[in-house]
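Just below is one structure, and these are the notes that go with it.
Heads up: numbering here begins at 1 and tracks the sequence.
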Amino acid sequence: MQSALIFLVRTLADLYLLMFLLRFILQWVRASHRNPLSQLVQRVTSPLVVPARRVLPSVAGLDLPTLIVLIVLEGIV
């Protein structure tokens, strides 16, 4: 029972990390904000990216705050 719970938590954490990676890629390729997938990814990841964006600027067209949040979360998980 405990291993099933660990599997479920780990899978949800990996899906959340995937959302940050998708946000980075979608902004990198300049995907339309009207795309439903883009809107979903932006809504799910905004609670962590928006505060990071206040501290870290984007560099050379790369969304550095999203990348930093992704790396930090990957280190935690």
Side-chain angles (χ1 to χ4, degrees):
M1 179 68 174
Q2 186 179 3
S3 62
L5 183 63
I6 291 172
F7 173 75
L8 182 62
V9 170
R10 181 72 177 164
T11 302
L12 291 175
D14 287 343
L15 287 173
Y16 194 56
L17 288 171
L18 180 64
M19 289 291 206
F20 283 100
L21 184 62
L22 278 173
R23 180 178 179 134
F24 181 76
I25 292 171
L26 288 172
Q27 289 182 352
W28 188 25
V29 298
R30 302 188 192 278
S32 173
H33 292 287
R34 291 185 177 192
N35 185 346
L37 178 64
S38 296
Q39 291 176 0
L40 172 72
V41 169
Q42 194 163 10
R43 283 186 188 142
V44 169
T45 58
S46 286
L48 293 178
V49 172
V50 170
R53 192 166 300 218
R54 292 181 188 142
V55 178
L56 300 167
S58 294
V59 176
L62 291 176
D63 189 20
L64 189 61
T66 302
L67 190 59
I68 296 295
V69 169
L70 176 64
I71 292 169
V72 168
L73 287 177
E74 182 67 36
I76 291 172
V77 173

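- With V69 as reference, L73 is the one residue of V72, T66, L73 to meet the side chain to side chain contact (heavy atoms under 4.5 Å, CB included) rule.
- Of all heavy-atom pairs between R23 and Q42, the closest is NH1-O, 3.4 Å.
- If you chain together hydrophobic residues whose side chains sit under 4.5 Å apart, L21 and L40 fall into the same group.
- A distance of 11.0 Å separates CG of D63 from CG of L70, quoted to the nearest 0.5 Å.
- Side chain of Q27 to main chain of L62: no donor-acceptor pair is present (N/O by atom type, distance under 3.5 Å, no hydrogens or angles).
- Under the 4.5 Å side-chain contact rule for hydrophobic residues, V59 and I68 share a cluster.
- The structure places CD1 of I6 at 11.5 Å from OG1 of T11, a figure rounded to the nearest 0.5 Å.
- Hydrophobic clustering (ILVMFWY, side-chain heavy atoms < 4.5 Å, transitive): I25 and Y16 are in one cluster.
- One hydrophobic cluster, built from ILVMFWY side chains closer than 4.5 Å, holds both L37 and L17.
- Between R53 and the choices V49, V55, L56, the side chain to side chain contact (heavy atoms under 4.5 Å, CB included) rule is met once, by V49.
- With hydrogens and angles disregarded, a donor-acceptor distance shorter than 3.5 Å links the side chain of S38 to the backbone of S32.
- Separating the OG atom in S58 from the CG atom in L67 is a distance of 10.5 Å, to the nearest 0.5 Å.
- Distance check, rounded to the nearest 0.5 Å: CG of L26 to CE of M19 gives 10.5 Å.
- Between F20 and F24, the distance separating the two ring centers is not shorter than 6.0 angstrom.
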